[in-house]
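Working notes, beginning with the structure itself.
Everything quoted here is computed from the prediction, not taken from an experiment.
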Amino acid sequence: MEQRIYTIEDVEDFFPVHVFECGQCFRWQRQEDGSYTGVAGGRIANIAFESYEGEAEGGSGRLQISNCTEADFENFWSQYLDLDRDYGKLKRKLCRGDKVMRKAVKFGWGIRILNQDLWETIVSFIISQNNNIPRIKGCIEGLAELLGEPVGVFEGRAWYDLPTPEKLALVTVEDLAPVKLGYRAKYLIETAKIVCQKGMPENVEDLSALCGVGPKVASCIALFGMGETGSFPIDVWVARVMSGLYGIDEKNHGAMKAYADEHFGALGGFAQQYLFYYIRNLNARK
DNA sequence: CGGCAGGCGGTTA
DNA sequence: TAACCGCCTGCC
């Protein structure tokens with residue numbers, strides 16, 4: 001069977017490692033060639049990028065999406081990958097007069113904030129609390145395989161959607177035991193019940209009414225699942241940046257939010273991702 | 001073995 | 001409303 005590959009030339013400010021490993025998503029898997037395979041919007045795809053001039057920082061290149069028709073691209077991937085946004089402009093704005101941000105943006109130059117499915121981000125970030133990335137990924141795949149509907153088979157692997165709120169609302173903690181969600185299992189079930197009863201959340205206030213969703217998780221969901229680009233999630237890593245590199249008291253999250261509002265404004269979510277990815281990798285390398 | 005990982009809910013004062 | 005504590009699980 002011939003595989004459809006959709007190609008977009010002259011793409012700037014996009015690099016798969018930065019996009020898929022900056023911590024915003026958990027269902028994309030790195031392949032040997034550096035491309036990523038995953039499922040979103042009921043579509044399975046592989047995403048590859050080739051720089052025209054080697055690995056030039058921020059240089060333009062060719063984006064190739066496999067298992068994707070022109071319609072898939074126009075109707076879904078373009079928006080999902082946030083390709084219509086001018087990241088060059090946004091980065092220049094964030095970096096103006098900010099040496100820390102300049103380093104962070106130089107490091108994570110190819111980050112794009114994905115426009116993800118709301119329910120998927122709710123599930124993902126409830127699972128993410130007090131947890132590490134490999135295990136978060138395992139939990140999400142396990143949940144999809146246990147209770148999700150099949151999406152299809154791609155390169156020999158079957159992919160599943162996450163279970164819907166309706167499905168999840170009807171199971172018990174014991175049913176979810178194989179997924180090893182720990183104490184988060186009951187948060188998910190309870191949240192599914194709330195969503196079934198009250199509908200999908202529409203803002204941060206609604207999010208806070210869910211179970212297992214505190215300030216940090218709600219900010220992440222707002223940013224990644226609701227398009228709230230000004231949302232500035234503060235986790236331990238961002239708190240470390242804000243205290244270590246911006247000089248704000250490590251425990252004073254209120255002051256950090258105020259700083260973000262004042263200096264990053266509606267670009268707070270992008271700022272947070274650049275800073276988060278930067279500080280995490282600084283830490284990982286030593 | 002204790003400590004910790006992209007916090008939260010519950011309980012106290 | 002701020003401070004503390006326990007929590008599933010897996011890995012160091």
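In this structure, the nucleotide among C/dC7, B/dG6, B/dG9 sitting nearest to the side chain of A/Tyr183 is C/dC7. For A/Phe125, the side-chain atoms get nearest to B/dG6 when compared with the rest of B/dG7, B/dG6, C/dC8. If you check B/dC8, C/dC8, B/dG6 against the side chain of A/Phe276, the one that comes closest is B/dG6. Distance from the side chain of A/Pro215 is smallest for B/dC8 among the nucleotides B/dC8, C/dC8, C/dG10. Out of B/dG6, C/dC8, B/dC8, the shortest distance to the side chain of A/Asp235 is found at B/dG6.
DNA chain B is contacted by both A/Phe224 and A/Val213; A/Phe224 maps to the nucleotide lying nearer its 5′ end (nearest heavy atom per residue). Nearer the 5' end of DNA chain B, as judged by each residue's closest nucleotide, is the contact made by A/Arg240, out of A/Ser208 and A/Arg240.
Residue contacts for A/Gly212: at a heavy-atom cut-off of 4.0 Å it reaches the sugar-phosphate backbone alone, with no base atom in range. Residue-level contact check: A/Lys216 touches the bases, meaning some heavy atom is under 4.0 Å from a base atom. Nucleic acid contact for A/Ile133: base, since at least one base atom lies under 4.0 Å from a heavy atom of the residue.
Atom NZ of A/Lys180 is separated from atom C1' of C/dT9 by 8 Å (rounded to the nearest Å). One can place NZ of A/Lys137 at 15 Å from P of C/dC11, the figure rounded to the nearest angstrom. Going from atom CD of A/Glu174 over to atom P of C/dC8 covers 13 Å, rounded to whole Å. What separates CG of A/Leu176 from C1' of C/dT9 is a distance of 15 Å, to the nearest Å. Whole-Å rounding puts the A/Ile122 CD1 to B/dC8 P distance at 14 Å. A/Ile194 places its CD1 atom 15 Å from the P atom of B/dC8, with the value rounded to the nearest Å. In this structure, A/Ile127 atom CD1 and B/dC8 atom P are separated by 14 Å, rounded to whole Å. Following rounding to the nearest Å, A/Leu181 (CG) and B/dC8 (P) show an atom-to-atom distance of 17 Å.
For A/Ser78 (side chain) and A/Leu83 (main-chain N/O), no donor-acceptor pair under 3.5 Å exists by modelled atom type.
Put simply, A/Arg184 has no side-chain N or O that comes within less than 4.0 Å of OP1 or OP2 on B/dG9.
Of the N and O atoms on the side chains of A/Asp98 and A/Tyr246, at least one donor lies less than 3.5 Å from an acceptor on the other residue. Donor-acceptor pairing under 3.5 Å is lacking for the side chains of A/Gln24 and A/Tyr277.
The line from CD1 of A/Ile136 to CZ of A/Phe26 is 4.5 Å long, rounded to the nearest 0.5 Å.
Comparing B/dT11 with C/dC8, their P atoms are spaced 15 Å from each other, to the whole Å. Nucleotides B/dG6 and C/dA2 are separated by 23 Å at their C1' atoms, to the nearest Å.
Taking a pair to require two hydrogen-bonding distances under 3.5 Å in either a Watson-Crick or a G-U wobble arrangement, B/dG6 remains unpaired. Base pairing analysis places C/dC8 opposite nothing; no Watson-Crick or G-U wobble pair with both distances below 3.5 Å involves it.
Two rings, from A/Phe15 and A/Trp109, have their centers less than 6.0 Å apart. Here A/Trp28 and A/Tyr36 keep their ring centres 6.0 angstrom or further from each other.
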